[in-house]
Amino acid sequence: MSLYRRVREETARRADALWAVASALHADPETAFAEHRAAALLTGELERAGFQVRRGVAGLPTAFAARSGRGRPVVAFPLEYDALPGLGHACGHNLIAAAGLGAALVTDAVLDGGGGTVLAVGTPAEEGGGGKALEVDAGVFDEVDAALMFHPGVYDWVRAPLTAQEQYRVGFRGRAAHPTGNPTEGIDALAALIELFNVLSALGRRLPQGSHVQGIITHGGTATNIVPEYAEGRFGLRALTTGALDDLAGQLRTAAEGVARATGTAVTTERASVRYEHFRDSEVLSERFAGHLKGAGIALGPPAPGVYLGSSDIGNVSGRVPAIHPFVAVTDADGSDHTPEFAEAAASERARRVLVAVVEALACTAVDVLGDADLRGRAWQGLHDAAAPRS
């Protein structure tokens with residue numbers, strides 16, 4: 001019996017149980033770094049299957065790493081399970097978790113302890129907290145040969161056009177004064193912050209495709225009859241690549257420092273979030289996954305030119321190991337994630353069909369990675385080529 005056929009049979013046998021996991025997560029959403037019940041549910045399933053589970057990896061209470069097998073090669077399945085405040089699983093992370101769990105269980109069952117290591121990695125707080133980025137820094141993905149996951153969406157795309165992003169806090173300090181009693185003694189910090197918004201608006205008109213800055217005022221003073229001595233804003237930066245993001249952050253600092261000199265204020269600029277790197281697709285592995293998924297009747301195509309679907313901490317993983325992050329539609333293309341309608345779609349019958357098909361395709365891809373040294377070599381070469389400086 002071929003390994004692919006065994007994967008198909010194992011997936012079918014576990015389909016109801018995996019859907020029950022996805023449904024349970026959907027019915028009990030937990031937000032970033034508070035996914036205690038989700039982590040307990042997933043680690044319990046893995047332990048019952050014989051995986052060795054290490055909880056609290058990277059110093060994160062709701063993160064885990066569950067391992068079966070030994071030695072290299074190692075294939076990892078990142079599991080996301082955080083929900084959105086007020087919206088529940090409107091990004092479909094219940095499906096990501098169930099798919100990663102299912103793929104890990106199926107791959108392990110098919111290989112039956114031989115041929116390397118299967119690693120299921122619990123990655124909390126994708127929605128802004130950067131669990132994967134923190135795990136990468138802690139070495140959780142060291143010695144991994146491929147990281148395989150999918151994301152439910154509104155498109156069937158073989159790879160994810162995910163940009164780099166981070167947030168910065170900019171604070172201006174001036175000098176308080178009464179606007180009628182001693183106005184000439186005041187240095188208006190809020191005016192400086194507003195001027196920074198004006199400068200960034202002008203900058204935005206000449207930024208390259210995929211780059212933008214979006215800001216809000218988080219502190220603008222305490223009373224209308226006092227010249228604000230302190231004002232602060234928070235700015236979200238996105239760019240097509242991590243290098244372009246570094247350039248954009250430099251432009252933000254330069255603009256803030258220029259405004260401070262012009263207004264007589266003092267300024268501080270500091271990163272206020274985990275940095276998400278841009279996603280580097282492993283083309284050879286993504287195409288392999290797409291080929292397997294096509295067997296279930298789902299055809300993946302390339303992303304639409306000029307369309308970017310936000311950012312994710314899988315980008316940080318993809319800079320260290322070959323990784324895939326295809327989008328598979330669970331709703332029509334006129335919809336959007338991060339909406340109540342998408343949360344409903346993540347628990348639909350269509351989502352169930354997608355889950356089963358994706359588990360099978362992920363497990364088949366994992367079998368390929370673990371059993372084909374040439375495939376692994378081409379995946380690593382692709383990563384090295386993407387990282388090489390261009391003349």
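On a predicted model such as this, the values are computed, not experimentally measured, just so you know. Computed from heavy atoms alone, side chains included, the values below leave out hydrogens, waters and symmetry copies.
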| Would a 4.5 Å heavy-atom cut-off, applied to side chains only, mark Pro326 and Val158 as touching? | no
| request: Hydrophobic side-chain clustering at under 4.5 Å (ILVMFWY, transitive links): who's grouped with Leu196? Put none if nobody. | output: Tyr168, Val170, Phe172, Leu190, Leu193, Ile194, Phe197, Val199, Leu200, Leu203, Leu207, Val213, Ile217, Phe235, Leu237, Leu245, Leu248, Leu252, Val259, Val267
| Under the criterion side-chain contact (heavy atoms from CB on, under 4.5 Å), which of Leu105, Thr107, Ile96 is the partner of Phe77? | Thr107
| For Glu257, does the CD atom have more than 12 heavy-atom neighbours from other residues, nucleotides or ligands under 6.0 Å away? | yes
| query | Can Glu10 and Arg6 be counted as an ion pair, charged N to O under 4.0 angstrom? | reply | no
| request: Show your reasoning for whether side chain to side chain contact (heavy atoms under 4.5 Å, CB included) applies to Val284 and Leu375. | output: CA-CA 8 Å; Val284 64; Leu375 178 64; 3.5 Å; yes
| Hey, what do you get for CG (Leu84) to CD (Glu126), rounding to the nearest 0.5 Å? | 9.0 Å
| request: Apply the test side chain to side chain contact (heavy atoms under 4.5 Å, CB included) to residues Lys132 and Met149: give CA-CA distance (whole Å), side-chain angles for both, the deciding distance (0.1 Å), then the verdict. | output: CA-CA 13 Å; Lys132 294 184 200 65; Met149 66 173 292; 4.1 Å; yes
| Glu344 atom CD, over 12 foreign heavy atoms within 6.0 Å | no
| query | When hydrophobic residues are tied together by side-chain contacts of less than 4.5 Å, even through go-betweens, does Leu293 share a cluster with Leu3? | reply | yes
| request: Treat each ILVMFWY residue as a node, draw an edge where side-chain heavy atoms are under 4.5 Å apart, and state whether Tyr276 and Val136 are in one component. | output: no
| task | Assess whether side chain to side chain contact (heavy atoms under 4.5 Å, CB included) is satisfied between Asp82 and Glu127, documenting all intermediate values. | result | CA-CA 7 Å; Asp82 60 318; Glu127 297 289 352; 3.3 Å; yes
| His36-Thr62 side chain donor-acceptor pair, cut-off 3.5 Å | no
| message | Under 4.5 Å between side-chain heavy atoms, counting indirect links through other Ile/Leu/Val/Met/Phe/Trp/Tyr residues: same cluster for Leu25 and Phe33 or not? | response | no
| task | Scan for side chain to side chain donor-acceptor pair (under 3.5 Å) pairs involving residues 318-327, sequence neighbours excluded, and state none if there are none. | result | Glu277-Arg320
| query | Looking at side-chain heavy atoms only, is the closest gap between Asp145 and Trp380 below 4.5 Å? | reply | yes
| field | Spacing of SG belonging to Cys364 relative to CZ belonging to Arg288, to within rounding of 0.5 Å | value | 10.5 Å
| field | Atom of Val7, atom of Glu360 and distance for their closest heavy-atom approach | value | CG1-O, 3.6 Å
| request: Would you indicate whether the side-chain heavy atoms of Glu229 and Arg175 approach each other to under 4.5 Å? | output: no
| Does a side chain donor of either Asp247 or Gln251 reach within less than 3.5 Å of an acceptor in the other side chain? | no
| query | More than 12 foreign heavy atoms under 6.0 Å from CZ of Arg54: is that the case here? | reply | no
| field | Step-by-step salt bridge (Lys or Arg N to Asp or Glu O under 4.0 Å) determination, Arg378 to Asp374 | value | CA-CA 6 Å; Arg378 286 185 286 136; Asp374 178 67; 3.1 Å; yes
| query | Between Glu9 and Arg5, does at least one N-O distance fall below 4.0 Å, as a salt bridge requires? | reply | yes
| If you round to the nearest 0.5 Å, how far is CG of Leu300 from NZ of Lys294? | 10.0 Å
| task | Report the C-alpha distance between Arg159 and Glu283 in whole Å, list the side-chain angles of each, state the deciding distance to 0.1 Å, and finish with yes or no for salt bridge (Lys or Arg N to Asp or Glu O under 4.0 Å). | result | CA-CA 8 Å; Arg159 65 175 178 86; Glu283 183 176 352; over 6 Å; no
| said: Is it true that Glu80 and His93 share a donor-acceptor pair across their side chains at a distance under 3.5 Å? | reply: yes
| field | Residues, nucleotides or ligands: over 12 heavy atoms within 6.0 Å of Gln167 CD | value | yes
| Backbone N or O of Leu370 within a donor-acceptor pair of the Arg376 side chain at under 3.5 Å? | yes
| request: Please determine if Glu45 and Arg48 form a salt bridge, counting it only when a charged side-chain N lies under 4.0 Å from a carboxylate O. | output: yes
| query | What's the spacing between Phe327 CZ and Asp156 CG if we round to 0.5 Å? | reply | 11.5 Å
| message | So, using ring-ring contact (aromatic ring centres under 6.0 Å, His included) as the criterion, who are the partners of Tyr308 when residues are at least two apart? | response | none
| task | For the pair Thr11 and Val356, evaluate side chain to side chain contact (heavy atoms under 4.5 Å, CB included) and give the outcome as yes or no after the intermediate values. | result | CA-CA 7 Å; Thr11 301; Val356 175; 3.9 Å; yes
| task | Report whether Phe289 and Ile298 are members of the same hydrophobic cluster (ILVMFWY, side-chain heavy atoms less than 4.5 Å apart, transitive linking). | result | yes
| request: Decide whether His292 and Asp368 meet the rule of one side-chain donor and one side-chain acceptor closer than 3.5 Å. | output: yes
| In the single-linkage hydrophobic clustering (I, L, V, M, F, W, Y; side-chain heavy atoms under 4.5 Å), do Phe141 and Val274 co-cluster? | no
| query | If you count the non-hydrogen atoms of other residues, nucleotides and ligands that lie under 6.0 Å from CD in Gln52, is the total more than 12? | reply | no
| Inter-residue atom distance Gln165.CD - Ser312.OG, 0.5 Å rounding | 9.5 Å
| Counting only N and O atoms by type, is there a donor-acceptor contact under 3.5 Å from the side chain of His338 to the main-chain atoms of Leu87? | no
| remark: Separation between OG1 (Thr331) and CZ (Arg350), nearest 0.5 Å, reads 6.5 Å
